[in-house]
*Asks:* 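Before I ask anything, here is the structure I am working with.
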Amino acid sequence: MTIRTRFAPSPTGYLHIGGVRTALFCWLFARSHGGQFILRIDDTDHQRNVESAIEPILRGLRWLGIDWDEGPEVGGVYAPYYQSQRSDKYQTAVNELLRRKCAYRDYARAEEIQAEREAAVKEKRTFTYSRRWMAETDADISRFEGEGRRCVIRLKMPREGELLIDDLIRGKVIFNWADEQDHVIQRADGSFIYHLANVVDDEDYKISHVIRAEEHLSNTPRQIFIIQSLGYNLPAYAHLPFVAEPGSKTKLSKRKLDKYLKNKDFAKLVEHGKSIASRIGLNTDDENFNPVIVDFYEKVGYLPEAIINYIVLVGWALDDRTEFFLMDDLVKNFSLEGVTKGAASFDPAKLLVFEEKHFLMRTTAEKARLCIPFLEAAKIFPCEYGDIIGEVIEAAGDRIKVSGDILNFSDFFVDDDLLEYDKVIYEKRVTSQPEAINLLSEFYDLLSQQEQFDVQSLENLMQKFVDGKSIKVSDIIHALRVVVTGKGVGIGMFETMSILGKKRTLKRLKRIVGTVHGSVGDRF
RNA sequence: GGCCCCGUCGUCUAGUGGUUAGGACACGGCCCUUUCAAGGCCGCGGCACGGGUUCGAGUCCCGUCGGGGUCACCA
């Protein structure tokens, strides 16, 4: 049997991180068995703007390396892959269900059904529709229509017996048919409900394994009823636990950002993302600028393989020690048996660890290629010092974990006369230190006579300088850092000067100690 | 509330009757240190509870408790 799985997103306009996990597991299962992965758009209830609402989803999946064999933009033998374009198939199925008396026309008004439901709740019993407005004969139909009623089509569910589902992840799950409702499958306006469309599509597309989130487990019986009624092939089911909120078991939701921000690690993730996004002119107030949505990571410069590596481990494990995976490793090793049953919460801190590991694996040239777009977006590139980017990246080492982090080192690329200073740090390290300017001034003179500008020579020079004055390196180096880089933190000071070179280092120093041996200038 | 699912360190997990319950992240301490990272070493920390079954239970059974999902003319 050919393994065929599918991921069926609704056109919501964004790709949820939990959706990614589901899609990834479906994709991995198909790929690891030499099968096919199908993408289908569940747009039965959305009429407008479908194209713009699925674009972010398709782009997100592609960015992550999750490609589809059949579906939007690639077509396939069972096209179309949009539910909105398959109404004729659904109508045929509904007619057949009606013919086989597995479904019926129901003329109840919404309030009438509601009244029955409320009565059941009041009497504390399971609600079971009386089928009072069920029409199975032409006489019934004309009578109800004579009363001005309109009908929906409902499933005529069994009212006794059990259903056993053998789920690949949960094992055997038993449902009582009597607990199930006569669900609507076609609305009064003629449109179709998800459950019906879903089953018809899975049959038509020859889906062998339905791998989806756990929230669908409860509505599997009604789908199996349709499958059995129509004589379709029963797919294998695998219900995945969902991705939960940080530190909780509740399903992760895009709309609860405010709540998640109370989590320290989550807040840090957002903060970090915002600091990058704001520098490249992105609107960080956009509701989709949110770590629950995949777009966030792409915008800030995360590596897709890091997201994949992290998210696959939320609810799946190979063994007791292997954590680092590339896509190929996953295709080789993935199996549904490794999927865990409990909901697993999203851990922003651990995600960042995977990002770091994957980023550090890249060569300097690759990192540069990833970082440059951010410098361009921040209008720092193109610039005349562009060729030192490789040196900066190497010196920065793991201080750059995400491509956008290169912006923390933009001071290397700005014009020496336009360097901006962190006022607070400047005050602390220079203005409020009486000796600072004099020391820097003397060091400036030494530097200007220095030929060798490599790290070791500069370090030796500094050592000699402080030894001669009976002070410590730390008594001057902080002031030196602010003056040369504008910041209080950064890569090693001698590396910094070495990368900038003698000319630029002196130029920057001179802005502050320009009035040699003089007082603090009113530079800003 | 009915039905269904789930329950190992704070978090992600390994564990398929006999383990000093393992790893990773986070956290704490020490070392290193010109800042920030990183790195090295050490440490804290868990089988939800109660009954069974068994020579022996995190692992099997029952119950309790806790968490979650679902009960739409949403998907």
*Asks:* Does a side chain donor of either A:Lys254 or A:Asn288 reach within less than 3.5 Å of an acceptor in the other side chain?
*Replies:*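 The answer is yes; a qualifying pair exists.
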*Asks:* Counting the atoms with a prime plus P, OP1 and OP2 as sugar-phosphate, which does A:His239 contact under 4.0 Å by heavy atoms, base, sugar-phosphate, or nothing?
*Replies:*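 A:His239: no heavy atom of the nucleic acid under 4.0 Å.
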*Asks:* Check each residue of residues 307-324 of chain A for a non-hydrogen atom within less than 4.0 Å of any atom in RNA chain B, then write out the ones that pass by number, or none.
*Replies:*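 Close to the strand are A:Leu313, A:Val314, A:Gly315, A:Ala317, A:Asp319, A:Asp320, A:Arg321, A:Glu323.
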*Asks:* Taking only residues two or more places apart in sequence or in another chain, which ones pass side-chain hydrogen bond (donor to acceptor under 3.5 Å, both in side chains) with A:Gln223?
*Replies:*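 Result, side-chain hydrogen bond (donor to acceptor under 3.5 Å, both in side chains) vs A:Gln223: A:His195, A:Arg212.
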*Asks:* Who passes ring-ring contact (aromatic ring centres under 6.0 Å, His included) against A:His478, sequence neighbours left out?
*Replies:*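 ring-ring contact (aromatic ring centres under 6.0 Å, His included) list for A:His478, sorted by chain: empty.
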*Asks:* Can A:Asn438 and A:Ser441 be counted as having a side-chain donor-acceptor contact under 3.5 angstrom?
*Replies:*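 There is no such pair between these side chains.
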*Asks:* B:C25 P sits how many Å from A:Asp347 CG, rounded?
*Replies:*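 The distance from CG of A:Asp347 to P of B:C25 comes to 11 Å, rounded to the nearest Å.
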*Asks:* How is A:Arg117 classified with respect to the nucleic acid when contacts are heavy atoms under 4.0 Å: base, sugar-phosphate, or nothing?
*Replies:*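 The answer is sugar-phosphate, as A:Arg117 gets under 4.0 Å only of primed atoms, P, OP1 or OP2.
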*Asks:* Scan the side chains in residues 353-360 of chain A for donor-acceptor partners under 3.5 Å anywhere in the protein, sequence neighbours excluded, and list what turns up.
*Replies:*
{"from": "A:Glu355", "atom 1": "OE1", "to": "A:Leu303", "atom 2": "N", "distance (Å)": "2.8"}
{"from": "A:His358", "atom 1": "ND1", "to": "A:Phe354", "atom 2": "O", "distance (Å)": "3.1"}
{"from": "A:His358", "atom 1": "NE2", "to": "A:Asn309", "atom 2": "OD1", "distance (Å)": "3.4"}
{"from": "A:His358", "atom 1": "NE2", "to": "A:Phe325", "atom 2": "O", "distance (Å)": "3.4"}

*Asks:* Between protein and nucleotides 57-59 of chain B, what N or O pairs are separated by less than 3.5 Å?
*Replies:*
none

*Asks:* Does B:C30 pair with anything, Watson-Crick or G-U wobble, both distances under 3.5 Å, and if so, with which nucleotide?
*Replies:*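 Base partner found: B:G40.
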*Asks:* Counting the atoms with a prime plus P, OP1 and OP2 as sugar-phosphate, which does A:Phe346 contact under 4.0 Å by heavy atoms, base, sugar-phosphate, or nothing?
*Replies:*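 Nothing, no nucleic acid heavy atom in range.
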*Asks:* Going by side-chain contact (heavy atoms from CB on, under 4.5 Å), name the residues that satisfy it together with A:Asp182, two or more places apart in sequence or in a different chain.
*Replies:*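 By the side-chain contact (heavy atoms from CB on, under 4.5 Å) rule, A:Asp182 matches A:Tyr104, A:Tyr129, A:Arg131, A:Arg154, A:Met157, A:Arg159.
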*Asks:* Classify every nucleotide of nucleotides 1-8 of chain B by which part a protein heavy atom approaches to under 4.0 Å, writing B for the base, S for the sugar-phosphate alone and - for neither, in 5'-to-3' order.
*Replies:* -SSSBS--
*Asks:* If you measure from the P atom in B:C3 to the same atom in B:G45, how many Å do you get, rounded?
*Replies:*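 Per the computed distance, 41 Å lies between those P atoms.
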*Asks:* Could you list the protein-to-nucleotides 44-49 of chain B atom pairs, N/O on both sides, closer than 3.5 Å?
*Replies:*
none

*Asks:* Just to verify, what does A:Tyr82 make a side-chain hydrogen bond (donor to acceptor under 3.5 Å, both in side chains) with, not counting sequence neighbours?
*Replies:*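 side-chain hydrogen bond (donor to acceptor under 3.5 Å, both in side chains) check on A:Tyr82 returns nothing, list empty.
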*Asks:* Pair up each side-chain donor or acceptor in residues 344-352 of chain A with any protein partner under 3.5 Å, not counting sequence neighbours, and list the distances.
*Replies:*
{"from": "A:Asp347", "atom 1": "OD1", "to": "A:Ala349", "atom 2": "N", "distance (Å)": "3.1"}
{"from": "A:Asp347", "atom 1": "OD1", "to": "A:Lys350", "atom 2": "N", "distance (Å)": "3.4"}
{"from": "A:Lys350", "atom 1": "NZ", "to": "A:Glu323", "atom 2": "OE2", "distance (Å)": "3.4"}

*Asks:* Across the strands shown, which category fits A:Val184 at heavy-atom distances under 4.0 angstrom: base, sugar-phosphate, nothing?
*Replies:*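 Touches sugar-phosphate only.
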*Asks:* Under 4.0 Å, heavy atoms only, any strand: does A:Thr340 hit a base, just the sugar-phosphate, or nothing?
*Replies:*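 Answer is sugar-phosphate: A:Thr340 comes under 4.0 Å of backbone atoms only.
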*Asks:* Do any N or O atoms of the protein come closer than 3.5 Å to N or O atoms of nucleotides 33-42 of chain B, and which pairs are they?
*Replies:*
{"from": "B:U34", "atom 1": "O2", "to": "A:Arg481", "atom 2": "NH2", "distance (Å)": "3.1"}
{"from": "B:U35", "atom 1": "O2'", "to": "A:Gly488", "atom 2": "O", "distance (Å)": "3.3"}
{"from": "B:U35", "atom 1": "O2", "to": "A:Gly490", "atom 2": "N", "distance (Å)": "2.8"}
{"from": "B:U35", "atom 1": "O2", "to": "A:Gly490", "atom 2": "O", "distance (Å)": "3.1"}
{"from": "B:U35", "atom 1": "N3", "to": "A:Arg481", "atom 2": "NH2", "distance (Å)": "3.1"}
{"from": "B:U35", "atom 1": "N3", "to": "A:Gly490", "atom 2": "O", "distance (Å)": "2.6"}
{"from": "B:U35", "atom 1": "O4", "to": "A:Gly492", "atom 2": "N", "distance (Å)": "3.4"}
{"from": "B:C36", "atom 1": "O2", "to": "A:Arg399", "atom 2": "NE", "distance (Å)": "2.5"}
{"from": "B:C36", "atom 1": "N3", "to": "A:Arg399", "atom 2": "NE", "distance (Å)": "3.2"}
{"from": "B:C36", "atom 1": "N3", "to": "A:Arg399", "atom 2": "NH2", "distance (Å)": "2.5"}
{"from": "B:C36", "atom 1": "N4", "to": "A:Arg399", "atom 2": "NH2", "distance (Å)": "3.2"}
{"from": "B:A37", "atom 1": "O2'", "to": "A:Lys401", "atom 2": "NZ", "distance (Å)": "3.3"}
{"from": "B:A37", "atom 1": "N3", "to": "A:Asp398", "atom 2": "OD1", "distance (Å)": "3.4"}
{"from": "B:A38", "atom 1": "O4'", "to": "A:Asp398", "atom 2": "OD2", "distance (Å)": "3.1"}
{"from": "B:A38", "atom 1": "O2'", "to": "A:Asp398", "atom 2": "OD2", "distance (Å)": "3.0"}

*Asks:* Searching all strands shown, indicate the nucleotide that pairs with B:C25 (Watson-Crick or G-U wobble; both distances under 3.5 Å).
*Replies:*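 Pairing partner, where one exists within any strand: B:G10.
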*Asks:* Check step by step if salt bridge (charged side-chain N to carboxylate O under 4.0 Å, His left out) holds for A:Asp405 and A:Arg399.
*Replies:* CA-CA 8 Å; A:Asp405 286 336; A:Arg399 292 175 182 85; over 6 Å; no
*Asks:* Send over the distance from A:Glu112 CD to B:C73 C1', rounded to a whole Å.
*Replies:*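 Between C1' of B:C73 and CD of A:Glu112: 15 Å.
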*Asks:* Filter on side-chain hydrogen bond (donor to acceptor under 3.5 Å, both in side chains), then keep only pairs touching residues 112-121 of chain A, sequence neighbours left out; what's left?
*Replies:*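 Those involving residues 112-121 of chain A are A:Glu112-A:Arg149, A:Gln114-A:Arg117, A:Gln114-A:Glu118, A:Glu116-A:Ser130.
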*Asks:* Describe the nucleic acid contact of A:His183 in one word from base, sugar-phosphate, nothing, applying a heavy-atom distance below 4.0 Å.
*Replies:*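 If one applies the 4.0 Å heavy-atom cut-off, A:His183 turns out to touch nothing in the nucleic acid.
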